[in-house]
Protein chains: 2
Amino acid sequence: MDHPDIAEVARRSGVPASTLRFYEEKGLIASTGRRAGRRVFDPGVLQRLALIAMGRAAGFSLDEIALMFAPDGRPRIDRETLRAKADELDETIRHLTAMRDGLRHAADCPAPSHMECPTFRRLLRAAESGAMSAPEGGLSGRSAPAAAGGRRAPAPRPADG
Amino acid sequence: MDHPDIAEVARRSGVPASTLRFYEEKGLIASTGRRAGRRVFDPGVLQRLALIAMGRAAGFSLDEIALMFAPDGRPRIDRETLRAKADELDETIRHLTAMRDGLRHAADCPAPSHMECPTFRRLLRAAESGAMSAPEGGLSGRSAPAAAGGRRAPAPRPADG
DNA sequence: CCTTGACCTCAAGTCGACTTGAACTGGCAC
DNA sequence: GTGCCAGTTCAAGTCGACTTGAGGTCAAGG
């Protein structure tokens, strides 16, 4: 199969055919032509899909990923971009780690109510101050999209006052 | 101001008035009544909003958060739920950490093209195998919703073959 | 008295990444 | 030769968390 059809690509990559069509429409991948009206792909599309999957996993949007391919189709990934994304991930990891530790403590805390646990309250302040937003991506739970606007909250000392 | 109006709550909490109305409609918060047709809140709504912010930061959906309040309005958070979410965050953190390390290595890798860097290629395999999805929440970049379906990709050894 | 401005309601729009549905085509088996 | 299946196109729907817009109300101020 040196010229897989959409079903073959879907099978090998694990990416649904509908998504492959969508990606093609977006310019993220390309079919080499049609055979009896059906898309024919180059085997290289598999590597490209892997690259796209990696980009998504790293937190890049499809539009950002599209910019990482030269017009000729070869990946051309700016090292600075990678560093910047790594830094972003660092931030995210920091927040999530703090949140995880707080959750775990609260889960084991002997205080009768969470509101009486100092750690929980500290966590509460961190969250309300807008230092975080909403993590997740679909790794375990089914999701929780995100902030679309970029609000972030000024929060001049809400509760407890 | 022991009975703040919506503007006051918005100011103190950093949550836009539109969001407060939305949260009220969703049953996440409640106003104590109306004064000249306008919402009047109890000061306790601020703590409640903090709780909601924390829940969001921990990756809970608004619907999940809604379940964490007893009908009488008091928070009643199951410790098991917290533990489960902490475990989820652990997973997420693990993935993001691997991705971050890979990105950073790739950024500093002396290989002329990323495709020639073994670490980058390893990263690629990890991503394509569907071990990840799409992280982020709005912490630095402006977003990247997530996988809603729960696809995850079988991926029987895509590229490189 | 009339404007202003903050608030109200309700419906619809937004964002990103896809999925789904309807209507159609083309090749193969029977 | 016809029935099916797998593919095609294009438009529209989905999901979550909000935002935005239109049109209306109301108390205060000039």
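This one's a predicted model, so the numbers in the text were calculated from it and none came from an experiment. Just so it is clear: chains get the letters A, B, ... in the order the sequence lines come, proteins before strands, and each one is counted from 1.
- Put simply, the side chain of A/Arg56 reaches to within 4.5 Å of the side chain of A/Leu62, judged on heavy atoms.
- Contact annotation for B/Ala7: backbone-only contact, meaning every heavy-atom pair under 4.0 Å involves sugar-phosphate atoms and none involves a base.
- Judged by closest nucleotide on DNA chain C, A/Asp63 is the one of A/Ala36 and A/Asp63 placed further toward the 5' end.
- For the pair B/Arg34 CZ and D/dA27 C1', the computed distance is 17 Å after rounding to whole Å.
- Side-chain N/O atoms of B/Ser18 include none lying less than 4.0 angstrom from OP1 or OP2 on D/dT20.
- Listed nucleotides: D/dG7, D/dC26, C/dC8. Nearest to the side chain of A/Arg38: D/dG7.
- Between B/Phe60 atom CZ and D/dA17 atom C1' there is a gap of 17 Å when expressed in whole angstrom units.
- As a whole-Å value, the separation of A/Asp5 CG from C/dG27 P is 14 Å.
- At whole-Å resolution of the value, CZ in A/Phe22 and P in D/dG7 are 20 Å apart.
- The distance from atom CG of A/Leu20 to atom P of D/dG7 is 11 Å, rounded to the nearest whole Å.
- Note on A/Tyr23: every side-chain N or O is 4.0 Å or more away from OP1 and OP2 of C/dA17.
- A straight line from CZ of A/Phe41 to C1' of D/dG7 spans 12 Å, rounded to a whole angstrom.
- If A/Gly37 and B/Lys26 are placed on DNA chain D by their nearest nucleotide, the residue sitting closer to the 5' end is A/Gly37.
- Residue A/Arg21 places at least one side-chain N or O under 4.0 Å from the OP1 or OP2 atom of D/dT8.
- When rounded to the nearest whole Å, the span between CZ of A/Arg35 and P of D/dA6 equals 17 Å.
- Put simply, the side chain of A/Phe41 does not reach to within 4.5 Å of the side chain of A/Thr32, judged on heavy atoms.
- If you check distances only, the side chain of B/Arg56 never reaches the base of D/dA17 with a donor-acceptor pair under 3.5 Å.
- Atom-to-atom, CD1 of A/Ile29 to P of C/dA17 comes out at 15 Å; the value is rounded to the nearest Å.
- Scanning all heavy atoms of the two residues, the minimum distance from B/Asp42 to B/Pro4 falls at C-CD, 4.4 Å.
- With D/dG7, D/dT19, D/dT9 as the choices, the nucleotide that has an atom nearest any side-chain atom of A/Arg39 turns out to be D/dT9.
- At distances below 3.5 Å, at least one donor-acceptor pair connects side-chain atoms of A/His114 with backbone N or O atoms of B/Ile77.
- Other residues, nucleotides and ligands contribute over 12 non-hydrogen atoms within 6.0 Å of the CZ atom of B/Arg79.
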